[in-house]
Amino acid sequence: MQKFIIQGGRPLKGEITVAGDKNTALKLLPATVLVPGTTTFTNVPGIQDVKVMLELLTSIGAAVSQKKTGEVNVSTEAVKKTDLPSELVTKVRASSMFIGPLLARFGKVSVHHPGGDVIGERPLDLLLDGLSVLGADIKQDDRTYHISAAKMRGGRFIFRKVSVTVTENLLLAATLAKGKTELVNAAMEPGVIALADFLNAHGAKIHGAGTPTVIIEGVQKLRTSAAPVAIIPDRIEAGTFACLAAATNSPITISACNPTHLETLLKTLELMGATFTRDKDSITHVPHKKPLRAVEVVTHEYPGIATDFLAPLVVLSTQAQGLSLIRETIFEGRLFFTDKLKQMGAQIIMADPFRVVVNGPATLRGRKIISPDIRAGIALVIAGLLAEGTTTIGNIYQIDRGYEAIEERLAALGADMKRVETDYF
Ligand code: UD1
């Protein structure tokens, strides 16, 4: 077991490089099931969730190799298995991303209900509904789904609720379907565009990715493409570092990011009184002279403020003057971590599971806390960096799931943060 120990209040400055996007990597890896030959990815983040997805690929018979440089090679030519091991599936929610491609290639897949963050119920009803529109037959045996389709067929699916992974899964399922598929009210995240670009580069016919209507003209098969595929920058990591810079009022440059993916977040931070300069692939926080101001935040699907920014924004609000109202609209469990911030001295009132009011500024004090999920975990790291004294964070597997060697990268900015082996917490 490992924990992080942070001595707060150290001045931070310098440059931090953003890793490849976790969520895009988690979709492109299963997409290789549809692609002949070997695919080379670069800029793949060295995080636990990627490790699990590579293990899932290996478990079904794919050949996988990973280098320390962020290069990953995958060949799914030898894949034969269509049932996924439940001990891996229950580790990461994105394991559901194997459903679409296995179904498209083999006409069947068996998978346990996926695991991942405990931030709400996270059902698969939209996905199952969409797959049945594309001709799949679904049987459920306790918590395992057995899904089959002799041949997927095109169809029109209307999302009653926007879902990122369901949009991506249906895109994969429809790529080899007979006829045309139309996805209405689809997710518009940059990762959806990256997935469509990847499939189109291999011969798929997908139009409109990144807009609410995506059209997929089914093709018979995909073709090999020798060109390496670079994973796009992780906008959630970049935006989280922006919250860190604003909260600690530090001169920090966040490099290797795509500022156009961060516009609504930066607009909010600037309303609070933070200043950022933007370059083509970096942003720089310029320390503010006046205190930050409270703000109202409402999460929304892309291009709105991502639900993944909610936890860092709550921590930032503890440093702003006045009452901030923070409202989550997507997951019912995102805000429960705020009890940890209260233990650290934050003044937060939970109005209901979807809304908190934060009264700032507050002086945070170091405490022993457990990281409940990936985004709350990184927010608690920011809180620890702000706090007086020592903060100890347990269950850091949750943080390693999404942020590569975070203690080394933050230490390079001046943070006093160490990873320590421990038998107990
Ligand atoms: C993805 C991201 C996650 C981000 C979230 C919202 C990945 C690996 N993760 O998660 O970081 O926080 O988008 O931007 O890409 N829902 C249903 N039925 C379904 C599927 C989803 O009701 O079949 C609900 C969910 O419970 C949630 C909402 O739809 O309330 C949106 O979820 P979704 O967009 O699917 O989130 P994920 O794709 O799981």
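Counting only heavy atoms from C-beta outward, the side chains of Ile326 and Ser317 approach each other to under 4.5 Å. No side-chain heavy atom of Asn258 sits under 4.5 Å from any side-chain heavy atom of Arg235. Between Leu127 and Leu170, some side-chain heavy-atom pair lies under the 4.5 Å cut-off. Counting heavy atoms from C-beta outward, Thr391 and Phe4 have side chains that stay 4.5 Å or more apart. When side chains are defined from C-beta on, Leu262 counts as touching Phe309, because their heavy atoms get closer than 4.5 Å. Taking the side chain as every heavy atom from C-beta outward, Ile236 and Lys22 never approach each other to under 4.5 Å. Using a 4.5 Å heavy-atom threshold, the side chains of Asp83 and Val109 count as separate. Side-chain contact between Leu335 and Met350 is present, with at least one heavy-atom pair separated by less than 4.5 Å.
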Could you please spell out the steps behind the salt bridge (charged side-chain N to carboxylate O under 4.0 Å, His left out) verdict for Lys27 and Asp21? CA-CA 10 Å; Lys27 318 305 165 56; Asp21 183 32; over 6 Å; no
Take Lys91 and Glu87 through the test salt bridge (charged side-chain N to carboxylate O under 4.0 Å, His left out) and record every step on the way to the result. CA-CA 7 Å; Lys91 274 192 178 169; Glu87 66 277 13; over 6 Å; no
Could you walk me through whether Val50 and Gln48 pass side-chain contact (heavy atoms from CB on, under 4.5 Å), step by step? CA-CA 5 Å; Val50 163; Gln48 290 295 333; over 6 Å; no
As a quick check of understanding, evaluate side-chain contact (heavy atoms from CB on, under 4.5 Å) for Phe276 and Glu270, giving each step before the final call. CA-CA 8 Å; Phe276 288 88; Glu270 286 169 347; 3.8 Å; yes
In sequence, state the C-alpha distance, the side-chain angles, and the governing distance for Ile6 and Ile393, and then conclude on side-chain contact (heavy atoms from CB on, under 4.5 Å). CA-CA 8 Å; Ile6 302 170; Ile393 305 181; 4.0 Å; yes
Using the rule given for side chain to side chain donor-acceptor pair (under 3.5 Å), can you reason through Ser255 versus Thr253, listing the C-alpha separation, both sets of side-chain angles and the distance that settles it, and then say yes or no? CA-CA 6 Å; Ser255 57; Thr253 294; over 6 Å; no
Check against salt bridge (charged side-chain N to carboxylate O under 4.0 Å, His left out), Arg334 and Asp308: CA-CA 9 Å; Arg334 274 265 193 239; Asp308 308 69; 3.6 Å; yes
Let me see the working for Phe98 and Ile60 under side-chain contact (heavy atoms from CB on, under 4.5 Å), right down to the final yes or no. CA-CA 10 Å; Phe98 279 94; Ile60 54 171; 4.2 Å; yes
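A tilted orientation is assigned to the rings of His202 and Phe198, their planes being inclined by 30° to 60°. Ring planes of Tyr145 and His113: tilted class, angle from 30 to 60°.
The structure places CG of Leu386 at 10.5 Å from OG1 of Thr363, a figure rounded to the nearest 0.5 Å. If you take NE2 on His288 and CG on Leu269, they are separated by 10.5 Å, rounding to the nearest 0.5 Å. Put simply, CG on Leu12 and CG on Leu244 are 6.0 Å apart, with the number rounded to the nearest 0.5 Å. Separation of atoms OG1 (Thr24) and CD1 (Ile232) is listed at 3.5 Å; rounding is to 0.5 Å. Residue Glu168 holds its CD atom at 5.0 Å from CE of Met97, rounded to the nearest 0.5 Å. Atoms CG and OG1, from Leu26 and Thr165 in turn, are 10.5 Å apart once rounded to the nearest 0.5 Å.
The two residues Ala294 and Gly322 come nearest to each other via the heavy atoms CB-C, 3.5 Å. Annotation for Ser110 and His146: closest pair OG-ND1, 2.8 Å, computed over non-hydrogen atoms. For the pair Leu183 and Leu171, the tightest heavy-atom approach, listed with the atom from each and the gap, is CD1-N, 4.3 Å. Looking at every heavy atom in both residues, Pro372 comes nearest to Phe337 through CG-CB, 3.8 Å. Between Ile399 and Ser371 the shortest heavy-atom distance is CG1-OG, 3.9 Å. Considering all non-hydrogen atoms of both residues, Pro45 and Ala19 come closest at CB-CB, 4.3 Å.
Side-chain atoms of Thr307 and Thr299 include no donor-acceptor pair closer than 3.5 Å. His112 and Thr144 share no donor-acceptor pair across their side chains, judged by distance under 3.5 Å alone. Residues Gln2 and Arg419 have side chains that bring a donor and an acceptor to within less than 3.5 angstrom of each other. The closest side-chain donor-acceptor pair between Thr42 and Glu71, if any, does not fall under 3.5 angstrom.
Side-chain N or O atoms of Thr167 include none that pairs as donor or acceptor with a backbone N or O of Ala186 at under 3.5 Å. A distance-only check finds no donor-acceptor pair linking the side chain of Thr392 to the backbone of Lys368 [under 3.5 Å]. No donor-acceptor pair under 3.5 Å is formed between the side chain of Thr338 and the backbone N or O of Leu341. Between the Glu189 side chain and the Val192 main chain, no donor and acceptor come within less than 3.5 Å of each other. Formation of a donor-acceptor pair under 3.5 Å by the Asn169 side chain with backbone atoms of Ser96 is found in this model.
Across Val184, Val133, Thr181, a single residue satisfies side-chain contact (heavy atoms from CB on, under 4.5 Å) together with Arg156, and that is Val184.
Legend: residues meeting ring-ring contact (aromatic ring centres under 6.0 Å, His included) with Phe354, ordered by chain and number and at least two apart, are absent. Legend: residues meeting salt bridge (charged side-chain N to carboxylate O under 4.0 Å, His left out) with Arg10, ordered by chain and number and at least two apart, are Asp416. Residues forming a salt bridge (charged side-chain N to carboxylate O under 4.0 Å, His left out) with Arg355 (at least two apart in sequence, or on another chain): Asp352. Considering only residues two or more places apart in sequence or on other chains, Gln66 meets the side chain to side chain donor-acceptor pair (under 3.5 Å) condition with none of them. Residues forming a salt bridge (charged side-chain N to carboxylate O under 4.0 Å, His left out) with Arg367 (at least two apart in sequence, or on another chain): none.
Crowding of Leu271 atom CG: a count of heavy atoms from other residues, nucleotides or ligands under 6.0 Å exceeding 12.
Remark: Glu55 engages Lys51 in a salt bridge, criterion side-chain N to carboxylate O under 4.0 Å. Ionic pairing of Lys161 and Asp125 is not present here: no N-O contact between side-chain nitrogen and carboxylate oxygen is shorter than 4.0 angstrom.
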Please list, one pair per line, the donor and acceptor atoms closer than 3.5 Å that link side chains of residues 204-216 to other protein atoms, with sequence neighbours excluded.
| from | atom 1 | to | atom 2 | distance (Å) |
| --- | --- | --- | --- | --- |
| Thr211 | OG1 | Gly208 | O | 2.7 |
| Thr211 | OG1 | Thr213 | N | 3.3 |
| Thr211 | OG1 | Thr213 | O | 3.0 |

